[in-house]
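What you see is a predicted model, and the numbers here were worked out from it, not measured in a lab.
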Amino acid sequence: NRCFKVGIAFILSSFPLYFWYRMLDLKYPTTLSNNLPIGTALRRVLPKVAANQFIAAPINNSFIYMYVTTWDHFLNPQSFTNPNKPLWDKMKDKWLKEMPTTTKYSMTIWGPLHVCNFIFLPTQTRILFNSVGSTCWIAYLSFRAHDKG
């Protein structure tokens, strides 16, 4: 059940991220495989990673938390300490409790990964790289979402 729930979240979040990464690649070309000088790639990669971490990451992580909370609210209400609490209050509680830590870990994990991704991997391989990384990241978010502590 949990894998199914998280798998759907992954599929739903992959499509917008695909277009986001394409837009970033057009605005900040950084791939060395396109014969871009390393100095130019390094200068371009920092705003590209910053845009990704400060815009897309919080939106995507919020979506995952809201999705998981909504799923559990309707299909697994006993997972909450107060199952009768309104959905919006459950979402707000989860977001306020977990987003600061999630954002911190997202920046420390995904920031360096995206520097390597955006500089060394050709554009056509980014989705595969991000899919593998996202599987691990969504597993982390799922564990956080189901953490009773």
I'd like to know if [Y] and [X] are part of one continuous hydrophobic network [Ile/Leu/Val/Met/Phe/Trp/Tyr, side-chain heavy atoms within less than 4.5 Å].
| X | Y | result |
| --- | --- | --- |
| Phe74 | Ile8 | yes |
| Ile11 | Phe19 | no |
| Leu46 | Phe54 | no |
| Val132 | Trp110 | no |
| Leu36 | Leu42 | no |

- Item | Identified side chain to side chain contact (heavy atoms under 4.5 Å, CB included) partner of Val49 from the options Ile119, Thr30, Val115 | Val115
- Partner residues of Thr40 under the side-chain hydrogen bond (donor to acceptor under 3.5 Å, both in side chains) criterion, sequence neighbours left out: Arg43
- Message: With a 3.5 Å distance limit and no angle check, can you tell me whether Ser13 reaches the backbone of Asn60 through a side-chain donor-acceptor pair?
- Response: no
- Any sub-3.5 Å donor-acceptor pair from Asn61's side-chain atoms to Ala57's backbone N or O? yes
Working to the nearest 0.5 Å, report the span between [atom1] of [X] and [atom2] of [Y].
| X | Y | atom1 | atom2 | answer |
| --- | --- | --- | --- | --- |
| Leu26 | Met23 | CG | CE | 8.5 Å |
| Lys48 | Lys27 | NZ | NZ | 12.0 Å |
| Leu121 | Leu128 | CG | CG | 9.0 Å |
| Thr69 | Asn76 | OG1 | CG | 11.5 Å |
| Arg44 | Leu24 | CZ | CG | 13.0 Å |
| Ile59 | Ile55 | CD1 | CD1 | 7.5 Å |

Do any side-chain atoms of residues 83-92 form donor-acceptor pairs under 3.5 angstrom with protein atoms, and if so which ones, sequence neighbours left out?
residue: Lys85; atom: NZ; partner: Asp93; partner atom: OD2; Å: 2.3
residue: Lys90; atom: NZ; partner: His73; partner atom: ND1; Å: 2.8
residue: Lys90; atom: NZ; partner: Pro83; partner atom: O; Å: 3.0

Quick check: closest heavy atoms across [X] and [Y], and the distance to 0.1 Å?
| X | Y | value |
| --- | --- | --- |
| Phe129 | Leu113 | CZ-O, 3.7 Å |
| Trp20 | Ala51 | CZ2-O, 3.7 Å |
| Ala9 | Ile64 | CB-CD1, 3.9 Å |
| Ser62 | Met99 | OG-CE, 3.7 Å |
| Leu12 | Phe63 | CB-CZ, 3.9 Å |

- Near Trp95 CH2, under 6.0 Å, is it more than 12 heavy atoms from other residues, nucleotides or ligands? no
- Message: Counting neighbours of OH on Tyr105 that are heavy atoms of other residues, nucleotides or ligands and sit closer than 6.0 Å, is the number greater than 12?
- Response: no
- Message: Which label fits His114 and Tyr21: parallel for a plane angle under 30°, tilted from 30 to 60°, or perpendicular past 60°?
- Response: tilted
- Task: Would you sort out whether Tyr65 and Thr102 count as a side chain to side chain donor-acceptor pair (under 3.5 Å), showing the intermediate values?
- Result: CA-CA 10 Å; Tyr65 278 140; Thr102 299; 2.5 Å; yes
